[in-house]
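Accompanying notes for the structure given below.
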Amino acid sequence: MAMIRTTSLLLVAVAIGALQPVVTASPADAADRLTASEIRGFLYGGRMSGVLLDTGERWYECIAPSGDTVYNIEGQVSTGYVEVDEGGRTCFTYPRLNDTSRSCFFVVEEAGKRVFVEEDSGIRFRVDRVDGSFDGCEISAPVS
């Protein structure tokens, strides 16, 4: 009898709107997602740096016009390449001796800053500085 009463109360609560589903849009689904053209415009042929929001780690990335990239996070350097598809999905690939690391992101605008949101984990890389000048990528470039 208690089971029937509990189920009936739940149905009544839903029927009168007392229980509303909680739906939150993830940043990757937000209307402020950057387009492929906008991403390519600041990404290729320049440098950017910022912070990994979950950990506070500083990172730096230099990306040649060809998409070749040098990535430095807290002194750990990786070289690879980046590709942006027509939907704005931005994938960074870093070949290594035993495997290849590939991470794909959507880029959103939050509080006037660009944020790369990793599509599987939701890890967020905020861009604090963009330098559109390109004169090569130094593998030993400092994180700033």
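Excluded from the calculations below are hydrogen atoms, water molecules and symmetry mates; all remaining heavy atoms, backbone and side chain alike, are included. Note that the structure is predicted; figures quoted are calculated from it, not measured.
Rounding to the nearest 0.5 Å places CD of Glu57 at 7.5 Å from CD of Gln76. The CD1 atom of Ile39 lies 9.5 Å from the OH atom of Tyr44; values are rounded to the nearest 0.5 Å. Atom OG1 of Thr90 is separated from atom CZ of Arg40 by 8.5 Å, given to the nearest 0.5 angstrom. Note: Phe125 CZ to Glu61 CD = 9.0 Å, rounded to the nearest 0.5 Å. Taking CZ from Arg47 and CZ from Phe134, the interatomic distance works out to 7.0 Å, rounded to the nearest 0.5 Å. Atom CG of Asp68 and atom OH of Tyr81 lie 10.0 Å apart (nearest 0.5 Å).
Listed by chain and residue number, Ser103, Phe105, Asp120, Ser121, Ile123 satisfy the side-chain contact (heavy atoms from CB on, under 4.5 Å) test with Glu118 (two or more places apart in sequence, or in another chain). Tyr71 meets the ring-ring contact (aromatic ring centres under 6.0 Å, His included) test with Tyr94; sequence neighbours excluded. Evaluation of the side-chain contact (heavy atoms from CB on, under 4.5 Å) rule for Ser37 yields Thr35 as partners, not counting sequence neighbours.
Here the closest heavy-atom approach between residue Glu83 and residue Arg102 is recorded as OE1-NH1, 3.6 Å. Smallest separation of non-hydrogen atoms from Leu34 and Glu38: CA-OE1, 3.2 Å. Across every non-hydrogen atom of Arg124 and Val117, the tightest pair is NH1-CG2, 4.0 Å. Minimum heavy-atom separation, Asp85 to Ala36: O-CB, 3.2 Å. Looking at every heavy atom in both residues, Cys137 comes nearest to Ala64 through SG-N, 4.2 Å.
Side-chain contact between Val77 and Val70: present, with at least one pair of heavy atoms (C-beta onward) separated by less than 4.5 Å. The side-chain heavy atoms of Trp59 and Val127, taken from C-beta on, include a pair separated by under 4.5 Å. Arg129 has its side chain out of reach of Met48: every pair of non-hydrogen atoms, C-beta onward, lies at least 4.5 Å apart. With a 4.5 Å cut-off on side-chain heavy atoms, Val130 and Arg114 count as touching.
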Notebook entry, point to check: Yes or no on side-chain contact (heavy atoms from CB on, under 4.5 Å) for Phe106 and Arg89, after CA distance, side-chain angles and deciding distance?
Noted result: CA-CA 5 Å; Phe106 292 99; Arg89 183 175 186 237; 4.3 Å; yes
